[in-house]
Amino acid sequence: MALPTKHSAAALNIFTTMSSLARKENAYNLSQGLPDFPVSAALSDLLKEATVAGFNQYAPMSGLPELRQNIASGFNKRYGNDYCSPDMVTITPGATYGIFTALTTILNKGDEVIYLEPAFDCYVPAIEINGGIPVCVRLDEQQQFEIDWQQISNAITHKTKAIIINTPHNPSGKVWTQEDWDQLALIIENRDIYVISDEVYDTIVYDGLQHIPGFLQKNLAGKVLSVYSFGKMYHITGWKIGFAIAAPALTEAFRSIHQYLAFSVNTPAQYALAKYLQIADQEASAIMLQAKRDLLISRMEPSKFKLHALSRGSYFQLFDYSLISNLDDVSFARWLAVEHKVATVPLSAFYRKPPGIKQVRLSFAKNDDTLSAAAAILCNL
Ligand code: PMP
């Protein structure tokens with residue numbers, strides 16, 4: 001018998017389950033957000049160059065200076081200011097780690113953390129493992145996952161220590177507007193509440209919209225820690241590398257924990273990314289993914305699946321299957337993978353209690369052939 005451990009969460013989350021099912025069933029895998037197209041050859045070459053050039057030992061705890069500098073300069077160029085500096089940037093082994101470490105940095109036992117459902121699956125366990133109490137506020141599924149600010153305001157108590165937000169949002173693809181940020185700033189004005197802002201899809205925004213970073217919000221100065229992922233940005237999810245940006249004081253606190261959790265992040269990957277940031281065409285990548293979103297949507301048009309809210313960013317699009325089946329979403333996703341060889345993720349994976357909504361999430365970060373073949377199957381249902 002196993003000795004007792006701290007956390008009793010399910011051993012495997014639905015993303016892992018659906019991807020293994022996809023492998024077992026030899027199904028088209030539109031479930032997990034892992035691209036099946038190759039990474040840039042230039043980036044692969046830089047990784048090789050790094051290790052041949054001897055970048056194989058521990059990097060500085062906060063990250064390679066050249067990488068932190070290029071990230072900061074990249075934001076300043078993109079947003080036309082000089083706000084970001086390398087002392088605000090910490091390289092992390094992925095965004096999941098960034099979120100966890102941010103929570104470890106700020107939470108004391110019993111602190112409450114507000115999060116918005118549907119939510120990426122790591123938030124609640126990360127809050128709980130760090131001794132916090134998750135407080136859920138539901139986004140309005142009927143209204144394209146809009147935020148009910150009154151509900152957020154009502155959820156705040158004297159124990160509220162942080163709120164986790166996510167833009168562009170997984171799974172809905174909603175992108176926060178400046179108005180959203182202003183509303184949040186208003187609600188937590190004069191309160192000691194941190195904002196952990198999950199912005200892993202920051203460069204993957206469509207239809208001419210622009211992503212608005214949390215750490216740049218002047219009326220939230222000092223309160224926001226924004227988390228990013230090179231995995232999503234450059235389609236290298238297996239590299240597990242990202243970064244966190246916050247004001248220098250919060251960054252220092254974050255690093256004081258980071259130095260004992262990871263200490264330092266993969267050096268050759270940092271070398272490669274520092275160089276690649278200077279040559280990568282970020283817009284081309286968003287344009288390519290928007291074309292994939294549009295391809296999937298057009299191929300799904302003749303099907304009985306209904307587009308829910310149009311994805312404005314991220315790798316994902318939600319579809320309603322209520323015209324096809326009465327099954328709950330987990331059973332439907334399993335049936336689809338086993339009987340029809342298309343793997344998806346049920347929307348309830350993003351809720352603590354199944355919301356009873358008949359929707360599945362499809363990833364369009366896939367080869368066009370994969371998207372077309374999977375859509376052809378779905379059109380026959
Ligand atoms: N946040 C969101 C919203 C995500 O979709 C993901 C990846 N699926 C992550 C965080 C995790 O990113 P990483 O792989 O860099 O840990």
Side-chain angles (χ1 to χ4, degrees), residues 12-19 22 29-36 39 63 67 71 89-104 113 115-127 129 134 139 145 162-176 195-205 211 213-214 224-245 254 258 261-262 265-266 269-270 273 289 293 311-318 343-347 349-351 360-366:
L12 283 184
N13 68 21
I14 189 81
F15 303 95
T16 313
T17 309
M18 290 313 296
S19 265
N29 188 2
L30 306 196
S31 64
Q32 248 180 327
L34 44 93
D36 66 354
V39 305
L67 179 57
I71 290 169
V89 181
T90 308
I91 309 305
T92 63
T96 310
Y97 171 97
I99 294 161
F100 189 95
T101 305
L103 289 164
T104 314
V113 181
Y115 72 100
L116 311 179
E117 232 175 37
F120 185 56
D121 71 329
C122 77
Y123 302 162
V124 168
I127 295 166
I129 293 167
L139 298 171
F145 298 93
I163 173 163
I164 303 181
I165 75 101
N166 173 212
T167 178
H169 182 237
N170 177 9
S172 74
K174 176 188 155 56
V175 174
W176 273 40
V195 180
I196 298 173
S197 179
D198 178 345
E199 302 173 27
V200 298
Y201 300 101
D202 75 314
T203 55
I204 306 168
V205 179
H211 169 76
V224 185
L225 187 135
S226 294
V227 172
Y228 300 89
S229 174
F230 284 117
K232 301 296 172 176
M233 208 178 287
Y234 296 138
H235 324 129
I236 46 167
T237 57
W239 288 29
K240 285 303 290 186
I241 179 165
F243 53 96
I245 306 188
F254 179 88
H258 169 64
L261 284 184
V265 178
N266 188 304
Q270 291 196 58
L273 288 162
L289 281 156
R293 177 201 66 175
S311 172
R312 300 293 191 171
S314 83
Y315 285 174
F316 310 111
Q317 176 64 59
L318 287 169
T344 58
V345 167
L347 179 60
F350 299 83
Y351 290 79
V360 285
R361 189 197 75 174
L362 270 58
S363 168
F364 50 80
K366 305 287 167 182

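Order of listing sets the numbers, starting from 1, for every ligand and every atom in it. Keep in mind that the numbers below use all heavy atoms, side chains included, and drop hydrogens, waters and symmetry copies. Just so you know, these numbers come straight off a predicted model, no measurement behind them.
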Exercise. How many angstroms lie between CD1 in Ile204 and CD in Glu199, if you round to the nearest 0.5 Å?
Worked result: 13.0 Å
For this session: Please determine, by modelled atom types, if Asp198 and Tyr123 share a side-chain donor-acceptor pair under 3.5 angstrom.
Result: yes
Problem set entry | Residue contacts for ligand 1, heavy atom to ligand atom, distance under 4.0 Å | Gly94, Ala95, Thr96, Phe120, Asn166, Asn170, Asp198, Val200, Tyr201, Ser229, Lys232, Lys240
For this session: Report the C-alpha separation of Tyr228 and Tyr201 in whole Å, then their side-chain angles, then the decisive distance to 0.1 Å, and conclude whether the ring pair (Phe, Tyr, Trp, His ring centres under 6.0 Å) test is met.
Result: CA-CA 8 Å; Tyr228 300 89; Tyr201 300 101; over 10 Å; no
Exercise. Should Lys240 and Thr96 be marked as a side chain to side chain contact (heavy atoms under 4.5 Å, CB included) after you check the CA-CA gap, both sets of side-chain angles, and the distance that decides it?
Worked result: CA-CA 9 Å; Lys240 285 303 290 186; Thr96 310; 3.7 Å; yes
Exercise. So, is the end of the Arg293 side chain (NZ or CZ) under 6.0 Å from the ring centre of Phe364 and within 45° of the ring's axis?
Worked result: no
For this session: Look at the aromatic rings of Phe243 and Phe230 and report parallel, tilted or perpendicular, splitting at 30° and 60°.
Result: tilted
